[in-house]
Amino acid sequence: MTDLSDPIKDPFLITLGERLKTLRARRGMTRKALARLADVSERHLANVESGVGNASIQFLRQLTLVLNCTLAEMIGDETASSPEWLMIREILRGRSEAELAQARAAMTDLFETPTSESARRQRVALVGLRGAGKSTLGQMLADTWMVPFVELNRQIEALAGCSIAEIHALYGANAYRRYEYRALEDAIRRFPTAVIATPGGIVSDPASFNLLLSHCYTVWLKATPEEHMERVLAQGDKRPMSGNREAMDDLKNILDSRAQFYSKADLTFDTSDITQEAAFVGLTEQLRGKALAGEKGAA
């Protein structure tokens, strides 16, 4: 017979409680002392530590202030899972974006198969939101340079055996990211020279974006939100506006949230308010100039 007085414990809450006890022990603090210093109920704290208390964010924040840790550390972020992680994170804390970029490049050289700068420049990868011109300009560049043009979305669909929409509907976002990474990995392996048009959200997955930056010369095709929307609608796709009065606000939010990642590209080229032909000429000239500068630097 089931004992109804014994609550069924949630695995996440059990793990949270164990982690909280570990953090408290690491600080050499009793439960009573922690409760007093954090100004929380000792009984509630005991329930949380035993895995039956459902703590609020504010409750956890009060504990983190006393325990001198982050919420991420308390709820189980990977970067808090070992002493080495914590020490590495402390070294990086407060660094500027330029210093963090330098650290990422150093770790990439240390742990990943090195790619020479000359080999990386043989693959030009275009990043940016839908409607920036990745497919059109990418095909034009590939035709001019007589190299393969790789549209990563098509490679993802070939791997999955179904459309992008079906991948999301049937298997979810995590499965899509796995297919995206595999497709990029395959493209890098198969094409030492190519122009690659990437999905707009590739920057949302750190693993895929790191792989892209390490093995390709990346170009952010930038445009205003209005230009993005206008071009997508001009392609005959009405979905961005369908049943969504806040479509433009949503688009601006997406662009804002991804801009810092897109800006890590080797080159930024603005396609706003210019014709397709002018964009192609301007992009070609900038790429040629960067290539020459790279050759001089290598010499």
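All values below come from the heavy atoms of this structure, side chains included, with hydrogens, waters and symmetry mates left out.
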Spell out, as yes or no, whether a donor-acceptor pair under 3.5 Å connects the side chain of Y262 to the backbone of G200. yes
Non-hydrogen atoms of S41 and A35 that approach each other most closely: C-CB, 4.4 Å
Return the minimal non-hydrogen interatomic distance between P148 and T193, and the atom names on each side. CD-O, 3.2 Å
If you compare all heavy atoms of I75 against all heavy atoms of L16, which two are closest, and at what distance to 0.1 Å? CA-CD1, 4.3 Å
Nearest heavy atoms of A223 and L255, plus distance in Å: O-CD2, 3.8 Å
I'd like to know if R120 and E117 make a salt bridge, using a cut-off of under 4.0 Å between side-chain N and carboxylate O. yes
Can you tell me how far CG of L184 sits from CZ of F209, rounded to the nearest 0.5 angstrom? 11.0 Å
Got more than 12 heavy atoms from elsewhere within 6.0 Å of CD, Q260? no
Tell me if the NZ atom of K32 is crowded by more than 12 foreign heavy atoms within 6.0 Å. no
Check whether R123 reaches the backbone of A194 with its side chain - one donor and one acceptor, N or O, closer than 3.5 Å. no
Should V48 and L37 be counted in the same cluster of Ile, Leu, Val, Met, Phe, Trp and Tyr side chains packed under 4.5 Å apart? yes
Between E49 and R24, is there a side-chain heavy-atom distance shorter than 4.5 Å? yes
Would you call R288 and E285 a salt bridge, using N to O less than 4.0 angstrom? no
Taking the side chain as every heavy atom from C-beta outward, state whether V203 and W220 have any atom pair closer than 4.5 Å. no
Does a side-chain heavy-atom distance below 4.5 Å link L20 with L67? yes
Do L212 and L129 sit in the same hydrophobic cluster, where Ile, Leu, Val, Met, Phe, Trp and Tyr count as joined when their side-chain heavy atoms come under 4.5 Å apart? yes
Please walk me through it: do R182 and E185 pass salt bridge (Lys or Arg N to Asp or Glu O under 4.0 Å)? CA-CA 5 Å; R182 285 173 52 196; E185 199 173 38; over 6 Å; no
Hey, quick one: are M29 and L23 part of the same hydrophobic cluster, counting side-chain heavy atoms closer than 4.5 Å, chains of contacts allowed? yes
Can you name the nearest heavy-atom pair linking S135 to F149, along with the distance? O-CZ, 3.6 Å
Check the pair L221 / L137 against side chain to side chain contact (heavy atoms under 4.5 Å, CB included), numbers first and verdict last. CA-CA 9 Å; L221 295 183; L137 293 177; 4.0 Å; yes
Going by heavy atoms in the side chains, are S204 and R258 under 4.5 Å from each other? yes
Does one side chain, of T271 or E227, offer a donor that lies under 3.5 Å from an acceptor on the other? no
Between I156 and V150, is there shared hydrophobic-cluster membership here, with clusters defined by ILVMFWY side-chain heavy atoms closer than 4.5 Å? no
Could you walk me through whether L65 and R61 pass side chain to side chain contact (heavy atoms under 4.5 Å, CB included), step by step? CA-CA 6 Å; L65 291 174; R61 283 185 68 244; 5.6 Å; no
Side chains of E157 and N153 in contact at under 4.5 Å (non-hydrogen atoms): no
State whether the side chain of E151 and the backbone N or O of A197 hold a donor-acceptor pair below 3.5 Å, judged by distance alone. no
With rounding to the nearest 0.5 angstrom, report the CD1 to CG distance, I167 to N174. 13.0 Å
How long is the span from the CZ atom in R178 to the OH atom in Y171, to the nearest 0.5 Å? 11.0 Å
Mind listing the closest non-hydrogen atom pair of K134 and G128 along with its distance? NZ-O, 2.7 Å
Stepwise side chain to side chain contact (heavy atoms under 4.5 Å, CB included) check, V124 with L126: CA-CA 7 Å; V124 172; L126 306 179; 4.1 Å; yes
Euclidean distance, S263 OG relative to E97 CD, rounded to 0.5 Å: 8.0 Å
How about Q122 and H215: do any of their side-chain heavy atoms sit closer than 4.5 Å? no
Greater than 12 external heavy atoms within 6.0 Å of R43's CZ: no
Between D143 and Q139, is any side-chain donor less than 3.5 angstrom from a side-chain acceptor? yes
Indicate, with yes or no, if L100 and F261 share a hydrophobic cluster defined by side-chain heavy-atom contacts under 4.5 Å among Ile, Leu, Val, Met, Phe, Trp and Tyr. no
Gap separating the OG1 atom of T284 from the CH2 atom of W145, nearest 0.5 angstrom: 6.5 Å
Under 3.5 Å: donor-acceptor pair, side chain of T64, backbone of T70: no
If we only count heavy atoms from C-beta on, is the T275 to F280 side-chain gap below 4.5 Å? no
Rounded to the nearest 0.5 angstrom, the CG-CD1 distance for L71 and I57 is 6.0 Å
Test side chain to side chain contact (heavy atoms under 4.5 Å, CB included) applied to L213 and R104, step by step: CA-CA 11 Å; L213 293 173; R104 176 174 57 80; 3.6 Å; yes
Would you check if the side chain of D266 reaches a backbone N or O of T218 as a donor-acceptor pair within less than 3.5 Å? yes
Can you tell if the side chain of I196 reaches within under 4.5 Å of the side chain of F191, non-hydrogen atoms only? no
